[in-house]
Amino acid sequence: MPELPEVETVCRGLQKSIQGKKLARLELRRRDMRFPFPKNLVAATRGAVIRNITRRAKYILIHLDNGQIILVHLGMSGRLVIADAADKTPPAKHDHVIFHLDGGMRLLFNDARRFGLVDLATAEILPKHRFFAHLGPEPFDDGFTAQSLATGLKNKKIAVKLAIMDQRVVVGVGNIYASEALFEAKIDPRRSAGSLSPAEVKTLWAAIRAVLTRAIAAGGSSIRDYVQTDGELGYFQHQWAVYDKQGEKCRKCTCPLQKTGGIKKIVQGGRSTFYCPAKQK
DNA sequence: AGTGTCGCCTGAATGC
DNA sequence: TGCATTCAGGCGACAC
């Protein structure tokens, strides 16, 4: 599933492959994905030149020279695939949106589960857009500090795992990286957000950045053509310390597995959490 | 306002 | 082999 590092990697790839190209037309192969497509989506983008591609949280922003911004969210199963002009392969199952570029190149948005979305905005309305208005700081921006994290967690009774997944606190920490960051910080995911000491908050802040940095590096280093064609390319999964590792020993663990049971899986807010009961306090 | 829960959706994995 | 069930999850929407 695409998380922030994967979305970042896809954005970098799109900058190389489609930036500066003219969007001949968008082809919508159904009327909606997670949400209905905006009525003017095709008309408002026809013939525009793609100026730049950026990322905000897990949204891909395709900036057009006519002032429109196409918002793309990959959801759970979304992937963007480049098909060059010579590629005459007919659309595959779940190819819901096709960007036809001048010269015959296509960008295919394939999303089996349709948790993804495509929407339209302008720079002016973006901060007020319903998907963006509530977003907190980017994890690598100056606005995300140990202090801002402390403020986000302060007095909260919800579990710290759920708190750091709250997009108002910091964007981009999904279910996997929440578990990974808490393991790195040696903090029990079940603890209430407000119970962390200033020192623990600072450790957690650094851990969130470290985990995401490593994940982006993994994506960037193993990527082949930058736009993921198999949906898994460059994924961080081989570096997971606890995620999906229930019953296993954690990294460099010397605990007796029979006694501790190893990494534990619990459910918080309807989502799986993985942690080491011995190391995370 | 803070918190908890639901639902969208399909394919893979599992169970009988 | 085949059918039914369960699970995965980002995040907006909603209920309290």
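Letters go in sequence order (proteins before strands), and every chain restarts at 1. Please read all numbers here as calculations on a predicted model, not as lab measurements.
- In this structure, A/Lys154 reaches neither bases nor backbone, as no heavy-atom distance under 4.0 Å exists between it and the strands shown.
- Across every non-hydrogen atom of A/Gln19 and A/Arg51, the tightest pair is CG-O, 3.4 Å.
- In terms of position along DNA chain C, the nucleotide closest to A/Ser272 lies nearer the 5' end than the nucleotide closest to the other residue of the pair A/Lys58 and A/Ser272.
- Note: CG (A/Asp166) to P (B/dA1) measures 14 Å, nearest angstrom.
- Salt bridge absent: A/Glu27 and A/Arg106 never bring a charged side-chain N and a carboxylate O closer than 4.0 Å.
- Residues A/Asp119 and A/His129 bring a donor and an acceptor atom of their side chains to less than 3.5 Å of each other.
- Closest approach of A/Phe99 and A/Val72 over heavy atoms only: CZ-CG2, 4.4 Å.
- Side-chain nitrogen and oxygen atoms of A/Gln167 include at least one within less than 4.0 Å of the OP1 or OP2 phosphate oxygen of C/dC11.
- When the P atom of C/dG10 is taken as reference, atom OH of A/Tyr177 falls 11 Å away, rounded to whole Å.
- Ranking C/dG10, C/dA8, C/dA13 by closeness to the A/Arg130 side chain, first place goes to C/dA13.
- In this entry the distance linking CZ of A/Arg79 with C1' of C/dG10 reads 17 Å, nearest Å.
- Centroid-to-centroid, the aromatic rings of A/Phe35 and A/Phe131 come within less than 6.0 Å.
- Rounded to a whole Å, the CG atom of A/Leu71 is 16 Å from the C1' atom of C/dG10.
- Of the candidate nucleotides C/dG12, C/dG10, B/dG11, C/dG12 has the atom nearest to the side chain of A/Tyr59.
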Derivation and outcome, salt bridge (Lys or Arg N to Asp or Glu O under 4.0 Å), residues A/Asp111 and A/Arg113
CA-CA 6 Å; A/Asp111 184 10; A/Arg113 289 178 215 181; over 6 Å; no
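- Side-chain N/O atoms of A/His94 include none lying less than 4.0 angstrom from OP1 or OP2 on B/dT10.
- Contact check, A/His134 against C/dC11: no side-chain N or O comes under 4.0 Å of OP1 or OP2.
- Checked against the 6.0 Å centroid criterion, the rings of A/His73 and A/Tyr59 qualify as a close aromatic pair.
- The separation between A/Met76 atom CE and C/dG12 atom C1' is 17 Å, rounded to whole Å.
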Starting at the 5' end of nucleotides 2-9 of chain B, put B wherever the base has a protein heavy atom under 4.0 Å, S where only the sugar-phosphate does, and a dash everywhere else.
-SS--BBB
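- Here C/dC11 presents its P atom at 14 Å from CD1 of A/Ile164, a figure rounded to the nearest Å.
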